[in-house]
Structure formats: structure tokens, C-alpha cells
2 protein chains.
Amino acid sequence: MAAGRVPVERRRRRPTKTGTVLTEELIVDCALRLAGEHGAEALSVRRLGAALGCDPSALYRYFHDTDDLLLAVADRIIGETMGGFAPAGDWLAGLREMAHRVYGGYSRHPKIAALAAYRVTRRPHEFRAVEIGIGLMLRGGFDKATAVRHYAAFIDTVLGHAALDAAHAALAPERRGADTRAWAEAYQGLSADEFPQLAEVRRELPLMAVSSFETALELFLSALEVRAG
Amino acid sequence: MAAGRVPVERRRRRPTKTGTVLTEELIVDCALRLAGEHGAEALSVRRLGAALGCDPSALYRYFHDTDDLLLAVADRIIGETMGGFAPAGDWLAGLREMAHRVYGGYSRHPKIAALAAYRVTRRPHEFRAVEIGIGLMLRGGFDKATAVRHYAAFIDTVLGHAALDAAHAALAPERRGADTRAWAEAYQGLSADEFPQLAEVRRELPLMAVSSFETALELFLSALEVRAG
DNA sequence: AAAGTTGCGTCAATGGTGTTGACATAAGGG
DNA sequence: CCCTTATGTCAACACCATTGACGCAACTTT
């Protein structure tokens, strides 16, 4: 049953009924593509099996369960977004780019992001990302413990926003629409007596429907800058 | 089928097979209790029906679907956490307390938080919370548009951290443990050649396993303070 | 080249999930 | 007292993840 128990060297590559030869890599590829093309619900063992042309249960030869597969997919995303990133100049600019890369990567795969943004993949691409992030904090002049704590706060803030926006983007269309329209509709009709502050900013409320990631990131980075210097 | 379509006044209160009389409130109560007591998976229409002593499908007379029910439960949580909150003094202190209340409320209901933190409930308790939050920003001296944008960044940062930590807390125990231990185990064994920065802070890495909410919040608030004054 | 292991794809089955339409019954208004 | 109709119940559908038994075929060994 168990996945990965079989050493890679001993692998016997038997083609499936439809001819393709399964690989961990191929499965992750397919999962990523499937989650992207079709809606949020497309990522199930059965659909994945169908897309790969194999029996669903064959996947359990490669991954313990769907959680294991999910982490593998998440690490692939991290790898893609951080690929070729080697910040050289200003540490703050480095952090800014890293934030944009991570946020952008997860935005491109909202369904996965919503499920995996808060996980620790414990896989190579994540190792590299943390290595870079902590390096940037150290370059900012923070002592070791502060660098780690600030990196945690930084990446969690970025991941938190990414997860929020991704989860929203991954919602079924009619639900996403309803949530978005709330600020321009339900919140517009509230009584000014009961909600004076909301009435005051009524015309600006639709701003609540757009992502606050950029605003939050710049506020956060400015706070870091102050503490460093 | 549809929920809420029946005006409240016309309701015919028929007891279920086991004698209890269903109410939207009673259902939300039960859902909250169920999600708290039993593990993360306890929240399903069937279990809820069993706990209420009614047929699962009876719930569809009160809520369109599980999403509708989820939003009702989430709004209840907001109401509980914000109950009696009327910040009078310093606007920054008000924001700090609001952040702690929201984060704490969701921490007490991780399963719900993981599912609902990024939603707009469009219900009374949420209205009140936004009213208070925007009021605090206006008190900080920001103009209308900036107040709204800063409130969005503020609440999304808080909700993002709450969602991250809640999702982690709602994980199945063995998965949560594995994720947590990663920083004290998998990350400790990495080669110092390949990951020099990680090696540098190796002894501080376990800090990554604890919530970064407080750190992030204080950084965020300090940035707000600078912009206000 | 034949025999023996064993990886792994397939099949069938289990027990879970949300949701719906038909139905019967009792509640409450006239 | 009847009539309308709200609503709890039942049965069914279409999904889901996961597992154990099975047998083929791809390697290893002799």
C-alpha cells in the first residue's frame, strides 16, 4: 500500500492499460494541470486516475494518501515560483520580490493554495525558499532569533493573504460573486442610524472587494525597515 | 427546498421524530458544539442530523446548502467574539483588541475558521464588526478611502493569520505533529554547504513552529501608527 | 534460457459525503 | 371542522477516499 517505500532503483515501470508509464513527477504534473484547467472540484483521485488513464487506486503506489500528494504538488509550485530567484541587491527589495513570487505562484493555483498554503511540505523546494528568506532577514541586520521571528511573521503574512485571496478565487463562481458583490450591495443598504461609520464611507466600501495584499505588504515592509535601521 | 424562503411568522413548528423542535438557532448551536467537541470531520449534514435527532435532509428547510449553514455559523462566531466590544480610548489599542478578539474567536473554532475566515457572511454580526473597525481607522485620522483600504489590509492580515493557524490546528493530529516537528527535525539535518543561512540559525529554527501572529500584528500596527501621525 | 520474486496496475467493495424529489402528516388559519 | 401547506422523513443518486485480493509482467537469479 504505502507510497515511497519502494526504493527508486527497484522500480518496475509497468505501463497502464492505456499505455502511459506512471511517475511521481507525471502524477504531480497532471494534478497541477487538472486543478488549473477545470474548476476547483477537479482534483480527486478518481478524476486524476481518469486523466492519467489508470485506475484511481494506482496512485496509492506513489503517495500514501491525498494529503501526501497535495504536499508534493505544493512543493512543485514553490519550486516554480522561486525558480531562478537569487536576490543580490537591497534586502527589502528582495523580500518584496519574494512576497510577490509566492503570492503570484499561489494565485496561479488557487485551489491548491487554499488547501496547502499553511502546510510545511518538508521538501527540497521549500528548504531553498526558507534559506533565501532567512538570508534576506540576516542581511537586514537582525540578530538570529529576530531574523527567524521576522521571517515567520513575513512569510505567514504573505501566505495568509495568498490563502485568503486564493480561497476566494477558488470559490464556486456564484458564491465568489455573492461575496464580492456584498460590499456594493448588502453593505450599501444598511441604515445610517445603526451604522454611522459605514454610512460615512459608503462610497469607498467597494474597495473592500479588492485584494489588500499590496497595501498590507507595503505596511509590513515599512515596519521592518524602521526596526532594521 | 430553499431555506429562509418561508417568512418567519408563518413557520409551523413541527417536532422531529425524537421530539425536538428545529430552529435555525438550534442548528447553528449544535453545529458549533459538534465542530468543537469532535474532531474536524464531525461537521457533516448526516452527523448534524444525528446529533439533532432529525433526518439530515430536514436541514435543507433552514439553509440552502452547507455553505449557507457555514456562513451562519461563522457569523455566530463573529457575534460571540465581538460581543460587548465598544472601544472608547486609543484607536490603536482598539484595533489591537479587535485583532485579538477576532483571532481568539477563530482559534476557539479552528475547523470553522479554516473554512470560513475568508468569506463575507453578509450578516448582522459582521456588519457591526466592520462598523467598529472602520470607525477606529477614521478615528486614526485617515481619510475615507485610506481608512477603508487600511481596514481591509488590517482585517485581512488578522484573518489570514487566523486562517493559517486555525487550519494548522484543525489538521489531523499526526499531520499537525509532522508539520510542527519539521522545524526541529527535517530542517535540522540539512547540509550546511547547501543551506548556509539555515545552518547559521539552526538553533532558532524551532521558532518557526509557533504562531507569528503577535509579531506580525505589532509590526503592522506600528506601521499604521507611523502613517497616521 | 528457465525459474522465481515481487512491483504494481486492476477490480470490487466499503463506508463515507451533499443533495434532491416524492410523500405523508400535522399545524394553524378561515 | 376543513383545507392549505410547512416540514420531517424516506429513498435514491452521484460523488468521494481508501483498502485487500488478484494476477500479470518486469526484473533478478540461477
Side-chain angles (χ1 to χ4, degrees), chain A residues 1-24 26-27 30-31 34-35 38-71 73 111 115 172 174-175, chain B residues 1-24 26-27 30-31 34-35 38-71 73 111 115 172 174-175:
Chain A
M1 286 309 96
R5 289 232 192 98
V6 181
V8 179
E9 324 88 47
R10 317 207 77 188
R11 280 281 170 78
R12 295 183 182 176
R13 341 252 62 251
R14 160 132 78 130
T16 122
K17 217 165 49 170
T18 59
T20 55
V21 174
L22 294 181
T23 313
E24 295 191 15
L26 182 67
I27 297 174
C30 187
L34 214 59
H38 308 64
E41 319 77 18
L43 204 58
S44 84
V45 179
R46 287 172 143 81
R47 286 172 201 259
L48 200 43
L52 286 161
C54 70
D55 190 272
S57 64
L59 303 181
Y60 290 92
R61 302 275 179 211
Y62 295 87
F63 302 94
H64 286 93
D65 49 29
T66 46
D67 190 67
D68 194 32
L69 170 59
L70 177 69
L71 292 185
V73 175
K111 170 64 177 175
L115 295 174
E174 71 288 3
R175 283 180 190 148
Chain B
M1 288 309 92
R5 289 231 192 102
V6 182
V8 179
E9 324 88 48
R10 317 208 77 191
R11 279 281 169 77
R12 293 182 185 177
R13 339 254 62 249
R14 160 136 76 136
T16 119
K17 216 166 47 171
T18 61
T20 55
V21 174
L22 295 181
T23 314
E24 296 190 14
L26 182 68
I27 297 174
C30 188
L34 215 60
H38 308 62
E41 319 75 20
L43 205 59
S44 82
V45 179
R46 287 171 144 82
R47 287 174 201 258
L48 201 43
L52 286 162
C54 71
D55 190 272
S57 63
L59 303 180
Y60 289 90
R61 302 275 178 211
Y62 295 86
F63 301 94
H64 287 91
D65 48 31
T66 47
D67 190 67
D68 194 30
L69 171 58
L70 176 70
L71 292 185
V73 175
K111 169 63 177 176
L115 295 174
E174 75 281 7
R175 282 178 192 150

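Order of the sequence lines sets the chain letters (A, B, ...), proteins ahead of strands, with each chain counted from 1.
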Report summary line: d(A:H64 NE2, A:L71 CG) to nearest 0.5 Å is 11.5 Å
Donor-acceptor contacts under 3.5 Å from residues 44-54 of chain B side chains, at least two apart:
residue	atom	partner	partner atom	Å
B:S44	OG	B:R46	N	3.4
B:S44	OG	B:R47	N	3.2

Query raised in the report: CG of A:L22 versus P of C:dC8: gap in Å, rounded?
Result: 10 Å
Report task. Let me know, please, whether A:D67 or B:R14 comes out on the 5' side of the other along DNA chain D by nearest nucleotide. Result -> B:R14
Query raised in the report: Can you check the A:L70 CG to D:dA17 P distance for me, whole Å?
Result: 12 Å
Report task. Take A:A58 and B:D55, find for each the nucleotide of DNA chain C with the closest heavy atom, and name the residue whose nucleotide sits nearer the 5' end. Result -> A:A58
Requested in this report: Take the protein atom CG of A:D65 and the nucleotide atom P of D:dT19, then report the distance between them rounded to whole Å.
Outcome: 8 Å
Query - Protein-nucleotide distance (A:Y60, atom OH; D:dG20, atom P), rounded to Å - result: 12 Å
**Report entry** Under the salt bridge (charged side-chain N to carboxylate O under 4.0 Å, His left out) test, residues paired with A:D55 that sit two or more places apart
**Finding:** none
Report task. Test for a donor-acceptor pair under 3.5 Å between the base of D:dG8 and the side chain of B:R61, counting only N and O atoms. Result -> yes
Query raised in the report: For the pair made of CG in B:L34 and P in C:dT17, what is the distance, rounded to whole Å?
Result: 11 Å
Query - Strand contacts (DNA chain D) in residues 44-53 of chain A, 4.0 angstrom heavy-atom criterion - result: A:S44, A:V45, A:R46, A:R47
Report task. Sequence neighbours left out, what passes side chain to side chain donor-acceptor pair (under 3.5 Å) with A:T66? Give chain and number order. Result -> none
Report summary line: B:H64 atom NE2 is separated from C:dG18 atom P, nearest whole Å, by 18 Å
Report summary line: In whole angstroms, the gap separating P of C:dT17 from CG of B:L115 amounts to 15 Å
Requested in this report: State which of C:dC11, D:dC10, D:dG8 makes the closest approach to the side chain of A:S57.
Outcome: C:dC11
Query - Straight-line distance of B:D68 CG to B:Y60 OH, nearest 0.5 Å - result: 11.0 Å
Query raised in the report: OP1 or OP2 of C:dC8 sitting under 4.0 Å from any side-chain N/O of A:T16?
Result: no
**Report entry** Residues in salt bridge (charged side-chain N to carboxylate O under 4.0 Å, His left out) contact with B:R175, at least two apart in sequence or another chain
**Finding:** A:D65, A:D67
Query raised in the report: Looking only at heavy atoms, what is the nearest atom pair of B:L22 and B:L26, with distance?
Result: CA-CD2, 4.3 Å
Requested in this report: Just report the end-to-end axis angle for the helix from C:dA1-D:dT30 to C:dG30-D:dC1, five pairs per end, to 10 degrees.
Outcome: 10°
Requested in this report: To the nearest Å, give me how far apart CZ (B:F63) and C1' (C:dT20) are.
Outcome: 19 Å
Query raised in the report: Under 4.0 Å: is that the gap between some side-chain N or O of B:Y62 and OP1 or OP2 of D:dG8?
Result: yes
Query raised in the report: How far apart are the closest heavy atoms of B:F63 and B:I27, and which atoms are they?
Result: CE1-CG2, 3.8 Å
